[in-house]
Amino acid sequence: MRRKQDAWFVQKDPLIFWLSIAATLVGLFAVLDATTSTSLASGGSWISSEFKRQLAWVFVCAVAYIWISTKDVKFVRRWSIPFFYVLLVACILVLIPGIGITRNGASRWLGYGSLQFQPAELIKIALVGFVAVALTSKHMQKSGRIRDWIDFAEMRLIPAMKRWGPVVAVLFLLLLVELEPDLGTAFILAAIAFGALTLARVPFRGLIAILLVCAALGVLFTMSREYRVERFAKHADRWEQGTVDGTSFQSAQAELAMAYGGSTGVGIAQGRAKHVLPEAHTDFVFVTIAEEFGLLGSLLVVLLLGGLSLRLLSNAMATNDDFVRIVLGSVGWWIGVQTVLNLLMAGGALPAIGIPLPFMSYGGTSLLTLAIAIGACQAVMRGSRVREDAHEAHRDRRRHGRARLSRA
Amino acid sequence: MAHASRKRLTRTDWHGRAAIALVVLGFALVSWNQLKKQWLQRESILSAAAEVHRLVVSQVLPAKRGSIVSSDGRVLASTGTAYRFGVKPGKVPESPAFYAALARATGIPASEIMDRVTSSTGVTEWVVDLSESQVREFQQAKADYGADGVWLTLAKEREYPFRDVLAGLLGSYKDGKARFGLDKGLDSVLAGESGKVVGMIDRSGNFLPWLIDERDSKPAVNGQDVVLTIDSDIQRAAYQALKRSFVSNKAANGIAIVMDPKTGDLLAVATLPSFEPDRVDRELALALSGKRTSPEINPAVGLVFEPGSTFKVLTVALSMDNGVIKPGEKVYCSGQKSFSGIEMGCTGSHGRKAHGAVTKETCIEASCNVAAATWAVRLGYDKFKSFLDRSRILEKPNLFLSPSPKGMFRTNEVNKVIQMANIGFGQSINLSPVMLASAFASIANGGVSMKPRVVKSIGEKEQPPEIQARLFKPATAREMLKMMQAVIQGPRGTATSLAIPGYRLAGKTGTAQKPDPQTGVMQSGRYVSSFVGYVPADNPRAVVLVILDDPRGGQYYGAAVAGPVFKDIAAYLLKRWHIPPAHKPTKNATATSR
């Protein structure tokens, strides 16, 4: 078989690999930059404990990535469903007092001691696989006359359950995550599911219907917490004396950091925002990059993550395998949506609802999820003929073009 | 299957294109947002932040007000250490460690603080006395926990440990403003200069060192400490002695000045009525209704008095210097004498007293108005006027106190004979007590008067003693001191009750009639009782001037009203300075100091 020729560490698409590595390194640096001063102020070393922990996670991620990227599409297909259901159970466990770990009023973590992870974060990649499998499974709808209830079950009920089961599971997941509460993650999960449906070529009118449902859910979730409504309502007035230190504090300070950084930045470690913003190394890690390295630094982040997202999407377009298409496309879509939303919030254009920046925000689970995602993308490309197909298609088009030209 | 997917590939992939288009649109939006905020709208965002003071913050660094210290090293006025510690529930972290830190810093039990925070919704304040390190500890805890809901403010801005004993001199500093007294007069050196930090702060409000604007920031310059010539123990003794007489004689104002004649240093300036520094507003209100002298006025420099008979010391000494009194001359005193048609008597209202043949010694010892007036008239206006100019005793006293009015002497008097006759025994001239004391002090300093000095040094800078004027010949001064001993120890002395057995003291009594401030006519029953004394009589170390204005307790003679104050102060000084007795106390005299 051809895939035997690949050495285990040879990447199917090196560009994706290197963009991910670059983004991770930029993130490591930004986490260190944003936490050094706090660490020094509290009597620690300039190498902050957050940085050390993140670095440790990078090694865990490397192992996970290497392991999964040597697998193939069959492996991904086989394990997607169980992986999803295990994590769905974990998402339920998180909500049970005494099992889930609560911090700052949110129960998001499972684990013990310093070994903790967020199931809702990890389920993002499981969701991609789950939806991809669900959308590419063939549901045989037997036609024929229904004579008894067994016929009805076989011909109507079971296919219906197979078709609608995943939808129910996804909606249930969204509800669970929102109950943590974690609106940001719920939103990203919904976006992933929606992206997967789009890539599975669900008719546009169906997509619009789903979009409306999602929008309704989004409004409902937002309205359910007063502070969220207030953040949206007051966003335009974020520089008013009454809101600048309260509701709009994060947005105003983030926006200020952008302006303060200017086009070339204030210089490495010279930033101000990281001393002011409470989440400088997590959701607002971009602020430090933008402030210290200016517009150039911001555009570098856009280039890295935008490039990665679009590369995955274009790879998805080039494949003829629907499962691979959905996995690659959904991961690309997910990274794109999450990056865009985080950057708009960190840039002060949207009120903050807690969405981390892929690869860069502090947080081990988020990084591990992405490592598995990128690894899985490499794996699914291994089992199918993604690049080859693309080349064939390319050649095809060129040949047709030439033929047309010669004919003309 | 393969056929189907090939069919799909050839079809336009609208779904994929839409996803890619959305992502591209998203990243375009992000890029546009960054371009706008980091470049195009940069200035307007920065100015919006500046408008609400969220970018560059400026903070005033208050200067520490200088202390006022006595010559014996006691703090007389200083910035306080009592703080008001306040808590506002809802804006403090609910961490037990935070309350423990607060308890450590303030000495208030953590449970009490926590109680107030959880049980009430309003602000709670405690008054606590804190050391500088405790204040630092508090600020550290506040910064560590980012607690906006706790604060410390100075409870009392200025502390005056000697309270009413020195209030008249030190004055008052309240509500960030020097109100009066030395605290106001020396405000420019005590206040210092507040500084400013301009820069950017972190979330707990601390300035980020590398984001401080060095051009606009400047450190606070603390106020300088001022050392006074006042000796706190002598001051307390003088104040207590004065207060006894002031209360029992129901006087309107009381002044006791203790001056070092060699330097002009004021060792004590006790004045009454006094006040508690923290209740000054009540006293101001009383003063407005006319019930007392305003605390803004220090009577030792802020009021002028006709000195009365004590002034004879100057008249006689001046007459001696000018050869007006012939050696061994005797003036006959029948109890009264007519000057230019106006009858002037010896101690007019309190029983005419004929002194008979009066020498200059008797004139001082028995306080003869007739003789003093005779010699003053003989001295003449011009010589006296030139003495006043030379001596500078009509000038404003320069003790950093206001008001400090000049002395008053009429130069436009038509009948200069009557004027000089009156001046002979200390009427028709108004002097501020401090300037009068400096003139008297010249007798104890070989005829040279020193400028009254109350500020010894400002910061590191010494304010050296200055000569005010040479008033009398040294021989005259020596002789005059001897003559004044007779007032206390002579057979006809007016103040023999003030003698302290074993010690030689000198002095002169004074009982001036008070003219009506409107008409200038002498009022019956209103007097200014005074006494000037020297401790000890040989080579005096202190000149003591005691004035009790308008005693209404029945007694008004200088010897009876002001004299005892002198005696108490003298007794204290003798003990304080371990001055040995000049001779053994006579057997029949009891050794009392009161």
Side-chain angles (χ1 to χ4, degrees), chain A residues 37 41-42 195 198-202 204 207 239-241 244-245 252-253 255-256 258-263 265 270 272 274-278 290 294-295 298-299 301-303 305-306 309-310 313-314 316-317 320-322 325 329 332-333 335-337 339-341 343-344 347-349 389 393, chain B residues 1-2 4-11 13-56 143-144 146 148 199-208 210-211:
Chain A
S37 59
S42 58
T198 310
L199 289 156
R201 300 192 179 84
V202 170
F204 278 110
L207 287 177
W239 284 108
E240 298 296 314
Q241 195 67 260
V244 72
D245 285 329
Q253 287 296 338
E255 185 172 29
L256 176 56
M258 298 301 137
Y260 186 58
S263 48
Q270 305 289 302
R272 163 189 174 276
K274 62 189 178 194
H275 299 277
V276 179
L277 283 169
L295 186 57
S298 318
L299 293 181
V301 172
V302 169
L303 227 63
L305 296 178
S309 164
L310 290 172
L313 278 164
S314 77
M317 296 271 285
N320 56 2
D321 182 330
D322 276 353
R325 172 189 159 95
W333 166 258
I335 291 173
V337 169
T339 303
V340 166
L341 287 176
L343 295 190
L344 288 178
D389 281 349
Chain B
M1 174 74 204
S5 49
R6 196 154 303 277
K7 217 169 111 190
R8 268 182 206 153
L9 257 184
T10 51
R11 225 170 55 200
D13 181 6
W14 288 113
H15 290 86
R17 284 188 186 185
I20 288 182
L22 275 174
V23 170
V24 168
L25 182 71
F27 279 100
L29 261 176
V30 166
S31 305
W32 172 241
N33 182 50
Q34 293 310 124
L35 189 70
K36 221 166 58 176
K37 296 205 163 141
Q38 301 204 271
W39 196 15
L40 304 176
Q41 295 183 349
R42 182 168 189 245
E43 298 307 320
S44 70
I45 293 170
L46 289 179
S47 66
E51 217 168 278
V52 289
H53 308 292
R54 287 306 180 283
L55 181 60
V56 174
D144 285 351
D148 299 329
M200 299 180 197
I201 51 174
D202 66 11
R203 57 178 152 263
S204 14
N206 299 319
F207 280 88
L208 299 167
W210 66 97
L211 295 176

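Residue numbers begin at 1 in each chain, while the letters A, B, ... track the order of the sequences.
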* Walk me through it: do B:Lys36 and A:Met258 pass the test side chain to side chain contact (heavy atoms under 4.5 Å, CB included)? => CA-CA 9 Å; B:Lys36 221 166 58 176; A:Met258 298 301 137; over 6 Å; no
* side chain to side chain contact (heavy atoms under 4.5 Å, CB included) between B:Gln34 and A:Val301, intermediate numbers included -> CA-CA 11 Å; B:Gln34 293 310 124; A:Val301 172; over 6 Å; no
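Most heavy-atom pairs under 4.5 Å with chain A: of the set B:Ser44, B:Ala48, B:Ala18, this distinction falls to B:Ala48. When A:Gly195, A:Gly306, A:Gly262 are compared by the number of non-hydrogen pairs under 4.5 Å with chain B, A:Gly262 comes out ahead. When each of A:Ser263, A:Gly265, A:Ala290, A:Gly329 is scored by its heavy-atom pairs under 4.5 Å with chain B, the top score falls to A:Ala290. Comparing A:Gly261, A:Gly332, A:Ser309 by how many heavy-atom pairs each has under 4.5 Å with chain B, the most go to A:Ser309.
Taking CG from A:Leu343 and CG from B:Leu29, the interatomic distance works out to 11.5 Å, rounded to the nearest 0.5 Å. Here the CZ atom belonging to B:Arg42 is positioned 10.0 Å from the CG atom belonging to A:Leu256, to the nearest 0.5 angstrom. Separating the CZ atom in B:Phe27 from the CG atom in A:Leu303 is a distance of 10.0 Å, to the nearest 0.5 Å. The CD1 atom of B:Ile45 sits 8.0 Å away from atom CH2 of A:Trp239, with the distance rounded to the nearest 0.5 Å. With values rounded to the nearest 0.5 angstrom, A:His275 atom NE2 is found 12.5 Å from B:Ile201 atom CD1.
Heavy-atom distances place both the backbone and the side chain of A:Thr198 under 4.5 Å from chain B. For B:Leu55, the parts lying under 4.5 angstrom from a heavy atom of chain A are both the backbone and the side chain. Using a 4.5 Å cut-off between heavy atoms, A:Leu341 does not touch chain B at all. Proximity to chain B (any heavy atom under 4.5 Å) is shown, for A:Ala252, by neither the backbone nor the side chain. Both the backbone and the side chain of A:Leu295 come within contact range of chain B, judged by heavy atoms closer than 4.5 Å. The parts of A:Val302 that come within reach of chain B are both its backbone and its side chain, each placing non-hydrogen atoms under 4.5 angstrom from that chain. For B:Ile20, the parts lying under 4.5 angstrom from a heavy atom of chain A are both the backbone and the side chain.
Among all heavy-atom pairs drawn from B:Leu211 and A:Tyr260, the shortest one is CD2-OH, 3.4 Å. B:Gly26 and A:Val340 get closest at one heavy-atom pair: C-CG2, 3.5 Å. Scanning both residues, B:Asn33 and A:Gly347, for their nearest heavy atoms gives ND2-O, 3.6 Å. The minimum heavy-atom distance linking B:Gly16 with A:Leu199 is given by the pair CA-CD2, 4.3 Å.
Between A:Arg201 and B:Trp14 there is no side-chain heavy-atom pair separated by less than 4.5 Å.
In this structure, B:His15 contributes its side chain and A:Ala200 its backbone to no donor-acceptor pair below 3.5 Å.
More than 12 heavy atoms of other residues, nucleotides or ligands sit less than 6.0 Å from atom CD of A:Gln270.
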